[in-house]
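Counting begins at 1 with the first residue of the sequence. Only heavy atoms go into these numbers, but all of them, side chains included; no hydrogens, no water, no symmetry mates. In listed order, ligands and their atoms are each counted from 1.
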Amino acid sequence: MSKAKIIINKDYQIGKIDNRIYGSFIEHLGRAVYGGIYQPGHETADKDGFRTDVINLVKELDVPVVRYPGGNFVSGYNWEDGVGPVSERPKKKELAWGVIEPNIIGTNEFAKWAKKAGTEVMMAVNLGTRGADKARNFVEYCNSPSGTYFSDLRIKHGVKEPHNIKLWCLGNEMDGPWQIGHKTAYEYGRAACETARLMKWVDPSIELVACGSSGLGMPTFASWEAEVLDETYDLVDYISLHQYYGKENSNSQTFLARTLDMDEFINKTVAVCDYVGAKKKSRKKINLSFDEWNVWRTGRADNHYQDIYSHEDAVLVGSMLITLLKHADRVKIACLAQLVNVIAPILTDDANAIRQTIFYPYMHASKFGRGTALQTLVECDKYDCPEYTGAPYIDSIAVETDKGVTLFAVNRSSEEVVLECDAGGYKGSKEPSHIAMFEDDIFATNTFDRPDTVKPKVMNDITCESSKSTCTIKTKLNPVSWNVIQF
Ligand code: AHR
């Protein structure tokens, strides 16, 4: 059994957390839309065909924003195909994923679903096969009140009030050779710049996300961001980052240390943004939109891109959330990819909707991680594994919320760790709480037959000693565990 000490202080503020850091993503892919959020005839479907069992789980997660409609899908998508009378919408060959898109769900239906689910839409425009003109028309269709061709078209389609979509992605993963309409950084930078100008002329209140790299390992990483921002710096607000981690042949401790790479990815992207800003002698800061992140193990076409997540995956997801929060000063948006069925915390079959293991750390962070992020100083043992040297066993972040302090902590070790946490500036609470996720079998999963195999447990092993202006929390962190400590 080893020991760890965490020091928190009210004054060690990283920054105010933008709630959009708890966003998610729904793409026209696999069973995310059809059979996921939309299944007319399902026993819980409402009059619009939306599954209310799914909506209820989305509400449990309290998702502030959902990116739509892709992903790779958007790079071949014509938004006009998904509006107007459903019977007149074209069925089309969808080239990103090699299926037929029926276009039954489009912009107006998705906006309606988002309202029911209590979330905002983050919309992506197609910069693969299309460009500035179609994008500005789309903003006009969504956001202009009336009196112009596209706003009146929306009204003719039965949607009187504008959707007022505030957050827009300028394409998706344009650095990836797999992307429909893949571009060089310069080609994309120019296209994004001209598109951004027109979109903001139509609606100056929108915020724009330029495509960054599709992973730290991309050969063009860093030079891509620098060139794209050279062309777009004054027009965009965020640059995107995407990252998925698989297990491949790595052992558990290597897998759980993957967030050291995520941390590096964020630090280096911030450095490039600030380098371009410095070169341009600009006072403006470009922030980060980590708009695709998750564990992605095996989900492929033959299983509709559905991953079945283990307890161990949930612990890495917890550590990814901690990593995002450590950068709350610059990461303003993040989207767990995705939300339903496709590499997702919610899984449906024709009867039920269940919570996968990763549902829980995401829900905990979204519910208990709103406020101001506080740096944690961690003293703990470290380990070497094939890909990392000196990886700390404990990963943590604290959040000052309106109810007190939440400490999120992951124990990467296969042994129990005794934790002492000193929190300067906080009196603590007489009733501190500790919720933990740990399993004897770290590969345990939730299934439709046994949906509650892996779920959080309320612990009774926590104490809080208070003095006037500080408190000391003592508890134990189980092997390979995700922990939520509140005081
Ligand atoms: O989220 C699944 C896919 O992963 C997205 O379509 C794409 O952007 C990424 O490569």
Side-chain angles (χ1 to χ4, degrees), residues 23-37 63 65-77 79 94-99 101 105 110 122-130 167-183 188 192 209-221 224-225 228 238-246 258 262 265 269 288-309 313 316-317 320 333-347 356 358 362:
S24 190
F25 175 32
I26 289 204
E27 175 169 7
H28 283 248
L29 166 58
R31 297 176 56 253
V33 173
Y34 307 110
I37 62 168
V63 183
V65 67
V66 179
R67 186 166 169 254
Y68 175 84
N72 297 341
F73 171 83
V74 80
S75 298
Y77 182 57
W79 65 266
E94 199 289 288
L95 300 181
W97 303 104
V99 293
E101 170 56 47
I105 295 293
F110 188 74
M122 174 182 191
M123 189 64 85
V125 299
N126 173 356
L127 289 191
T129 57
R130 305 187 122 191
L167 197 53
W168 294 75
C169 304
L170 295 161
N172 176 71
E173 293 190 348
M174 298 309 303
D175 63 325
W178 59 85
Q179 199 67 213
I180 299 173
H182 162 60
K183 294 178 172 42
Y188 170 69
V209 184
C211 289
S213 292
S214 311
L216 177 62
M218 292 299 288
T220 49
F221 171 61
W224 171 275
E225 282 76 0
V228 167
Y238 309 93
I239 188 110
S240 73
L241 300 84
H242 290 183
Q243 189 74 61
Y244 296 96
Y245 293 120
R258 292 272 179 243
M262 189 177 182
F265 191 13
T269 304
L288 274 47
S289 172
F290 213 125
D291 46 46
E292 284 187 38
W293 68 270
N294 202 347
V295 171
W296 189 344
R297 272 172 182 267
T298 53
R300 297 283 165 239
D302 52 3
N303 69 348
H304 308 289
Y305 306 92
Q306 286 169 189
D307 255 9
I308 303 301
Y309 288 106
D313 297 330
L316 182 58
V317 162
M320 292 179 92
I333 303 157
C335 303
L336 176 70
Q338 300 190 7
L339 186 55
V340 184
N341 289 334
V342 174
I343 43 173
I346 300 169
L347 188 65
Q356 291 233 48
I358 63 169
Y362 180 39

Less than 3.5 Å apart, any donor N or O on the side chain of Glu173 or His242 sitting next to an acceptor on the other? yes
At what distance is the nearest protein heavy atom to atom 2 (C) of ligand 1, and which residue and atom is it? Gln338 NE2, 3.5 Å
Is it the case that Ser214 and Asp175 place a side-chain donor and acceptor less than 3.5 Å from each other? yes
What do you reckon, does Trp293 put a non-hydrogen atom under 4.0 Å from ligand 1? no
If we only consider heavy atoms of Phe73, is any one of them less than 4.0 Å away from an atom in ligand 1? no
So which protein heavy atom does atom 4 (O) of ligand 1 come closest to, and at what separation? Glu292 OE1, 3.2 Å
Would you check if Asn294 and Tyr309 make a side-chain contact, meaning some heavy-atom pair closer than 4.5 Å? yes
Those residues at least two apart in sequence (or on a different chain) that pass ring-ring contact (aromatic ring centres under 6.0 Å, His included) with Tyr77 are Phe73
Side chain to side chain, Leu216 and Phe221, heavy atoms closer than 4.5 Å: yes
Should Tyr68 and Met123 count as side-chain neighbours, where that means a heavy-atom distance under 4.5 Å? yes
Heavy atoms only, cut-off 4.0 Å: how does Trp296 contact ligand 1, side chain, backbone, both, or neither? side chain
What are the atoms of ligand 1, with element, lying closer than 4.0 Å to any heavy atom of Gly71? 5 (C), 6 (O), 8 (O)
Under 4.0 Å from a heavy atom of Glu173: which atoms of ligand 1 are those, numbered in the order shown and with their elements? 7 (C), 8 (O), 9 (C), 10 (O)
Give yes or no for whether the N/O distance cutoff of 3.5 Å, strictly under, is met between Trp178 and ligand 1. no
Can you tell which part of Val342 has a heavy atom less than 4.0 Å from ligand 1: side chain, backbone, both or neither? neither
Check Tyr244 against ligand 1 and report side chain, backbone, both or neither, counting heavy atoms closer than 4.0 Å. side chain
Between Met320 and Leu336, is there a side-chain heavy-atom distance shorter than 4.5 Å? no
Can you find a heavy atom in the side chain of Phe25 that is under 4.5 Å from one in the side chain of Asp291? no
What's the shortest distance from atom 6 (O) of ligand 1 to any protein heavy atom, and which residue and atom give it? Glu27 OE1, 2.6 Å
